[in-house]
Amino acid sequence: MSNHSKSLGLVVAISLMVGAMSAWGQDQRAHPGAPCRVTPGLELGWSAQEKWVWTQICEGRTADLNMRDGGVPLSSSNKMDFPADRVLSERFLKTILLRAPFRDAIPEKGVGIDGALFLESLNFSNARIDAQLELTGSLFKGPVFFPGAEFNRSLSFDNSQFEQELELYDAHIGKSLFMGAGAHFVTVNLSGASIDSYANFDEAKFTGELNMNSIRVGRSLFMRSAEIGPANPENLNALPVVDLIGARVDGEVSMSGAKFTGQLDMNGIQIGELLLMDNAEFTLANPKNAHSPRVVNLSSANVGGQVSMLGAKFKGLLEMSSIQIDGHLLMHDAEFALANPENPEANLVINMISATIKGQIGVGGAKFAGDLEMDSVQVGTHLLMRGAHFEQAIYLSSAKITGVLQFSNGTETATWGEGASIYLGEALVQRIAISEHALPNKTSENPWPLSLEGLQYQRLTTIVGEDVNNTLDADWYKQHWLEKSRFSSQPYNQLASALEREDRPNVAAEILYASKEKQRQRAEGLSWINLTLHKFLIGYGYRIYLALIWIAGFVAIGAVVHKTSSVAETTRPAESIFFSLDLLIPVVKLHEPHYKIEFDSWRRYYFAAHILTGFILVSFILAGVSGLTQ
């Protein structure tokens, strides 16, 4: 046989051996129902329960130690001593998850262990775990470390209890993370972690910090009915109790029904779809000594859909400055209380300065115990305040509301505390809807409950009963709208413009007349004299008929003076009237001889004053007609 033939035979033999070994390695997984093909040797030193657990896993079943022991769940609250036959070691887990042939023999179902007891710490730093890992209903006495670990599939700690920290920072989970269903944690660190699918903390309980700073979740984050708060509320280091600063969740974030004791910090979070906080409760751990009154921080957050806080309770500041919400912001029936009512400086319950809400804001039925700061907010459709109760101030200065700012719709009306007020200066609103009792009233402590200087709107819709009313007189608008604000002519002019657009010029004129009258009452000296003349001569330009009355009066007086003079004893009354009218009208001389008559004594001075009066009356008439006095 040639050397070439020998070499070829050797290559074939080696290939067959490699193929056989590969086939043997690929065939380590037991078929469903078949016995496990990889059994531990004596050199591993596994306990009896570890061998049993491996057999269950290898054969495609969950290793349920609870069921093995008669269905008794393992819990640190059990009165029974920890059973030794529940204990699994770190070495056992590392062997089956990271070492061949055990790692390769794990079936598609993955590693499922329920009811185990881990007495020692677990350290899987930077480990790569290909199998799905479920350590549910178990008790971890020591710290658990998975920093930088790579999970190709899902990871579950549902219903488990941790007595020390769980570290998962910078870990990557290829599918979902489950840490709910009654699970109990102390401190959890998920900062910088990446989860390709869901992160589920439903019904979990945390007695320490949950750090999810800069976490990435490919689908949704669920924390429904979870309870999160420090075991010792006096420990100020427990704030924030949940850190989601800079996080990104491509789907929704749901915290409905959850209870947070301590600050929830979501500064700069990006949420692709919804943020749901319905019926959740948020309270500071130690409000009297807290570094900040903020109980929830959503400043600079970006939410791609709706934000819902229906029935939620906030005891502290809800910070939403510069937030952007692409859908609606719903706060119906929510309660916003002060973190520490004894601190007069911390009277703000919501901060939405420069927020952008592309949909509507609805707060019907909500209760606000402190100030609502919404300066420079932008609302894409409506801001609906009807049915809510406000104890303190609402700041809407420089706000921009494309739709309606509604305080009443007839059946539901906003209600107000003694110190309530609304600041609308420089705001831009499409339409405002009010009713008789929709706005705060004047009190001795708060004589000006409205601030309207610079407010611009297209329409002011008034509601009586359940119907829009377009027949209310000027006195109604003054009492329920204008006179609740410190006087400025701009709000009067703005209301008049809105009334004119509704084809109500007479009411608009009355409003403008009232504005001039307010100015006259506040004027002094020459300004007062000027405005008084405008009022009585032409009604500030809105009652020009007054000037005609004055003209008729002076014509009559001049006619009497002329008729009773010696130069007109034989003239007819009509000639005396014509004479008086000619002298009263300036510039135009209807009959030249009238201006050459020489009167005796006081009549000479009267007709000089008569001519001057004519100049004054006509100039006022011309000014009023041209709009210069308005």
Side-chain angles (χ1 to χ4, degrees), residues 275 298 301 303 305-310 312 314 318-336 348-368 370-416 420-435 437-440 449-452 454-463 468 481 484-485 491 494 498:
L275 173 57
L298 276 163
V303 183
Q306 180 171 288
V307 175
S308 180
M309 301 175 177
L310 305 179
F314 299 82
L318 172 57
E319 175 68 62
M320 292 195 292
S321 58
S322 300
I323 192 174
Q324 178 165 317
I325 301 172
D326 290 348
H328 302 316
L329 172 58
L330 305 179
M331 298 178 169
H332 302 285
D333 300 315
E335 295 182 14
F336 300 88
L348 192 62
V349 292
I350 294 182
N351 182 7
M352 291 180 64
I353 291 178
S354 300
T356 300
I357 291 83
K358 294 184 179 179
Q360 70 178 32
I361 301 177
V363 300
K367 297 178 180 178
F368 299 87
D371 293 344
L372 177 55
E373 177 64 83
M374 301 177 73
D375 284 349
S376 301
V377 70
Q378 295 190 46
V379 184
T381 57
H382 311 309
L383 175 51
L384 307 178
M385 298 286 196
R386 62 177 187 256
H389 179 77
F390 303 92
E391 283 290 335
Q392 300 295 330
I394 301 174
Y395 296 92
L396 280 163
S397 300
S398 301
K400 183 177 180 180
I401 302 170
T402 305
V404 59
L405 171 58
Q406 188 178 74
F407 294 99
S408 175
N409 66 351
T411 57
E412 294 180 299
T413 298
T415 58
W416 310 89
S421 56
I422 307 173
Y423 294 84
L424 288 162
E426 306 302 328
L428 179 61
V429 184
Q430 181 69 23
R431 181 163 61 94
I432 302 176
I434 63 172
S435 66
H437 304 291
L439 301 172
L450 294 183
S451 178
L452 303 176
L455 169 65
Q456 298 182 54
Y457 52 90
Q458 294 296 311
R459 293 178 59 194
L460 181 65
T461 301
T462 52
I463 299 170
V468 175
W481 181 247
K484 290 185 176 183
S485 175
Q494 172 61 61

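Side-chain atoms are counted along with the backbone in the values below, which use heavy atoms only and exclude waters and symmetry mates.
With a 4.5 Å cut-off on side-chain heavy atoms, Thr413 and Ser435 count as touching. At a threshold of 4.5 Å between non-hydrogen side-chain atoms, the residues Met331 and Leu318 count as touching. Looking at heavy atoms from C-beta onward, Val349 lies out of side-chain contact with Asp371 at the 4.5 angstrom threshold. A 4.5 Å side-chain heavy-atom check between Leu329 and Met320 finds at least one atom pair inside the cut-off. With contacts defined as side-chain heavy-atom distances shorter than 4.5 Å, the pair Lys484/Leu439 qualifies. Using a 4.5 Å heavy-atom threshold, the side chains of Gln324 and Val303 count as separate.
A pairwise comparison of heavy atoms in Ser408 and Ala438 identifies CB-CB, 3.8 Å as the closest pair. Across every non-hydrogen atom of Gly327 and Ile357, the tightest pair is O-CG2, 3.5 Å. When all heavy atoms of Ile350 and Leu348 are compared, the pair lying nearest together is O-CD1, 3.5 Å. Arg459 approaches Ala498 most closely through the heavy-atom pair CA-CB, 4.2 Å.
Atoms CG and CG, on Leu405 and Leu396 in that order, are 6.5 Å from each other to the nearest 0.5 Å. Between the CD1 atom in Ile432 and the CD1 atom in Ile401 there is a gap of 7.5 Å [rounded to 0.5 Å]. If you take CG on Leu452 and OG on Ser485, they are separated by 4.0 Å, rounding to the nearest 0.5 Å. Going from atom CE of Met352 over to atom CE of Met374 covers 4.5 Å, rounded to the nearest 0.5 Å.
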Side chain to side chain contact (heavy atoms under 4.5 Å, CB included) evaluation trace for Val363 with Phe368:
CA-CA 10 Å; Val363 300; Phe368 299 87; 4.0 Å; yes
Could you walk me through whether Leu298 and Leu275 pass side chain to side chain contact (heavy atoms under 4.5 Å, CB included), step by step?
CA-CA 11 Å; Leu298 276 163; Leu275 173 57; 4.0 Å; yes
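In terms of modelled atom types and a separation under 3.5 Å, the side chain of Gln494 and the main chain of Tyr457 share a donor-acceptor contact. The backbone N or O of Ile434 sits nowhere less than 3.5 Å from a side-chain atom of Trp481 that would complete a donor-acceptor pair.
For the residue pair Asn351 and Glu319, a side-chain donor N or O sits within less than 3.5 Å of a side-chain acceptor on the partner.
Listed by first and then second residue, the side-chain hydrogen bond (donor to acceptor under 3.5 Å, both in side chains) pairs that reach into residues 395-404 come to none, sequence neighbours excluded.
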Side-chain donor-acceptor distances from residues 376-392 under 3.5 Å, at least two apart:
residue: Thr381; atom: OG1; partner: Gly359; partner atom: O; Å: 3.0
residue: Thr381; atom: OG1; partner: Gln360; partner atom: N; Å: 3.1
residue: His382; atom: ND1; partner: Val404; partner atom: N; Å: 3.0
residue: Arg386; atom: NE; partner: Glu412; partner atom: OE1; Å: 3.3
residue: Arg386; atom: NH1; partner: Gln406; partner atom: OE1; Å: 2.2
residue: His389; atom: ND1; partner: Thr415; partner atom: OG1; Å: 2.8
residue: His389; atom: NE2; partner: Glu391; partner atom: OE2; Å: 2.7

For a quick test of your reading: what N or O donor-acceptor pairs under 3.5 Å do the side chains of residues 421-431 make, sequence neighbours left out?
residue: Arg431; atom: NH1; partner: Thr461; partner atom: OG1; Å: 3.4

